[in-house]
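Please read the structure below before turning to the comments.
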Amino acid sequence: MNVAVKLTEVAVGVILDDRGQVLFAQRPAGKPYAGWWEFPGGKIEAGETVQQALYRELEEELGIRICDCQPWITLQHVYPHATVRLQFCKVRGFDGTPHGREGQAYLWADPQRPVVDPILPAAIRMLPWLSLPELLRLSAAGVLGVEAWLARLGATPRAMLVLREPDLSKPELKRVATAVSAWRRATGSTVLVSSRHVHADWVGEFDGVVLTERDLLAASARPAPHQWVGASVHGRAGIEHAARLGLDFVMLGAVSATASHPGEPGMGWTAFAQLAAHAPLPVYALGGLASADLDHARAAGGQGVALLRGGW
Ligand SMILES: Nc1nc2c([nH]c(=O)n2[C@H]2C[C@H](O)[C@@H](COP(=O)(O)OP(=O)(O)OP(=O)(O)O)O2)c(=O)[nH]1
């Protein structure tokens with residue numbers, strides 16, 4: 001027998017300052033999980049949108065009026081007291097100075113070294129995702145030429161890079177991978193390698209892997225022991241499988257027409273938003289984009305943009 005689960009809808013604000021710190025709030029006495037830390041927010045009332053609920057909650061709790069708020073992650077969590085659907089939004093702009101109007105404690109902290117403890121289980125999942133950049137660069141030696149791309153890479157400061165070169169010969173790949181490893185060490189950058197290359201002996205040092213959609217759908221567990229595991233996907237099935245495996249992000253595309261697939265129009269921002277704004281993990285927009293598209297991606301609930309030609 002199917003028993004319908006009552007879902008409590010919650011709007012949550014991940015409030016960021018200019019230094020990348022986030023605002024944590026302590027749950028007050030009298031509520032479930034009293035004393036635990038969370039991101040500010042609360043239940044969505046009948047007839048409210050997520051943004052309206054968040055505006056109201058943050059004004060009531062913190063005395064701030066938010067003015068820059070975008071959807072980010074949506075996930076469900078089963079607690080003994082309730083099954084909640086949490087819609088986490090990134091808040092980058094607000095008027096007023098946060099102060100605990102209902103007597104709760106608040107604290108700005110670095111999400112990588114939060115000084116608060118314990119943090120609610122559903123909120124703690126956001127912390128590693130908060131260190132993902134908004135701009136993910138895909139290597140472009142195949143499309144720009146090895147020498148031209150390596151020169152541009154050398155002039156690029158610390159970044160997160162995906163090494164993915166389907167069209168290079170083995171010796172070219174080896175040369176590119178050696179140069180990427182040296183750049184990674186020199187800049188303190190993070191390098192992920194496409195799963196199509198991961199077993200090659202030239203691969204060098206790297207920090208994670210990005211699964212092709214085919215490798216993702218064939219996997220039944222998160223590949224170990226990488227720090228970061230992402231996947232390239234084309235739709236809902238890929239997003240859902242990546243979330244089931246506990247991956248860190250997906251790249252979803254193609255959003256716009258790309259030079260590598262001429263004549264294919266891309267899904268467009270509306271279709272991207274329908275998938276990204278409800279995804280339970282960070283989603284990068286991929287395909288025919290430039291850094292100027294970052295605002296579109298943010299507004300559509302994306303983590304940011306993944307750039308191939310447009311990144312160099
Ligand atoms: N605000 C917030 N709630 C979270 C987070 N993570 C998480 O699992 N939750 C859960 C805890 C609660 O079950 C639910 C939020 O409900 P709540 O009781 O705090 O909401 P509220 O402020 O509207 O409460 P109330 O006035 O109706 O009592 O979501 C988070 O980071 N922030």
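Remember, it's 1-based here, ligands and their atoms both numbered in the order they're listed.
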For this session: Among all protein heavy atoms, pick out the one at the shortest distance from atom 10 (C) of ligand 1; state its residue, atom name and that distance to 0.1 Å.
Result: Leu86 CD2, 3.9 Å
Exercise. In terms of hydrophobic clustering (I, L, V, M, F, W, Y; side-chain heavy atoms under 4.5 Å; direct or indirect links), are Leu54 and Leu86 co-clustered?
Worked result: no
Problem set entry | Within 6.0 Å of NE2 in His296, more than 12 heavy atoms from elsewhere | no
For this session: With heavy atoms of Gly41 as the reference, note each atom of ligand 1 found under 4.0 Å away.
Result: 1 (N), 22 (O)
Problem set entry | ligand 1 atoms in contact with Leu120 (distance to a heavy atom under 4.0 Å) | 4 (C), 5 (C), 6 (N), 7 (C), 8 (O), 9 (N), 11 (C)
For this session: Report the C-alpha distance between Thr187 and Thr156 in whole Å, list the side-chain angles of each, state the deciding distance to 0.1 Å, and finish with yes or no for side-chain contact (heavy atoms from CB on, under 4.5 Å).
Result: CA-CA 9 Å; Thr187 57; Thr156 303; over 6 Å; no
For this session: Could you go through the side-chain contact (heavy atoms from CB on, under 4.5 Å) check for Trp228 and Met160 one step at a time?
Result: CA-CA 11 Å; Trp228 294 105; Met160 194 182 242; 3.9 Å; yes
Problem set entry | Gln104, His81, Lys43: member with heavy atom nearest to atom 18 (O) of ligand 1 | Lys43
Problem set entry | Summary of salt bridge (Lys or Arg N to Asp or Glu O under 4.0 Å) pairs that have at least one residue in residues 229-257, sequence neighbours excluded | Arg222-Asp248
For this session: Give the atoms of ligand 1, by number and element, whose distance to some non-hydrogen atom of Glu57 is under 4.0 Å.
Result: 22 (O), 23 (O)
For this session: Could you list which atoms of ligand 1 come closer than 4.0 Å to a heavy atom of Ala123?
Result: 31 (O)
For this session: Just say parallel, tilted or perpendicular for the rings of Trp36 and Tyr33, cut-offs at 30° and 60°.
Result: perpendicular
For this session: For a side chain to side chain contact (heavy atoms under 4.5 Å, CB included) with Ile64, tell me which candidate from Thr97, Val91, Leu58 qualifies.
Result: Leu58
For this session: May I ask you to list the atoms of ligand 1 that are less than 4.0 angstrom from any heavy atom of Val10?
Result: 14 (C), 15 (C), 29 (O)
Problem set entry | Heteroatom proximity flag, Phe39 to ligand 1, N/O under 3.5 Å | yes
Exercise. Can the ring centroids of Phe24 and Tyr106 be said to lie less than 6.0 angstrom from one another?
Worked result: no
Seminar exercise, completed: For Ala122, the atoms of ligand 1 under 4.0 Å from one of its heavy atoms are 8 (O)
For this session: Give the residue, atom name and distance (to 0.1 Å) of the protein heavy atom nearest atom 19 (O) of ligand 1.
Result: Arg27 NH1, 2.8 Å
For this session: Just need the protein heavy atom nearest to atom 2 (C) of ligand 1, so name the residue and atom and give the distance.
Result: Glu38 OE1, 3.1 Å
Exercise. What protein heavy atom sits nearest atom 24 (O) of ligand 1, and how far off is it?
Worked result: Lys31 NZ, 3.1 Å
For this session: Please list all pairs passing the salt bridge (Lys or Arg N to Asp or Glu O under 4.0 Å) test where one or both residues lie in residues 136-155, with sequence neighbours left out.
Result: Glu147-Arg175
Problem set entry | Atoms of ligand 1, numbered as shown, that sit under 4.0 Å from any heavy atom of Tyr79 | 7 (C), 8 (O)
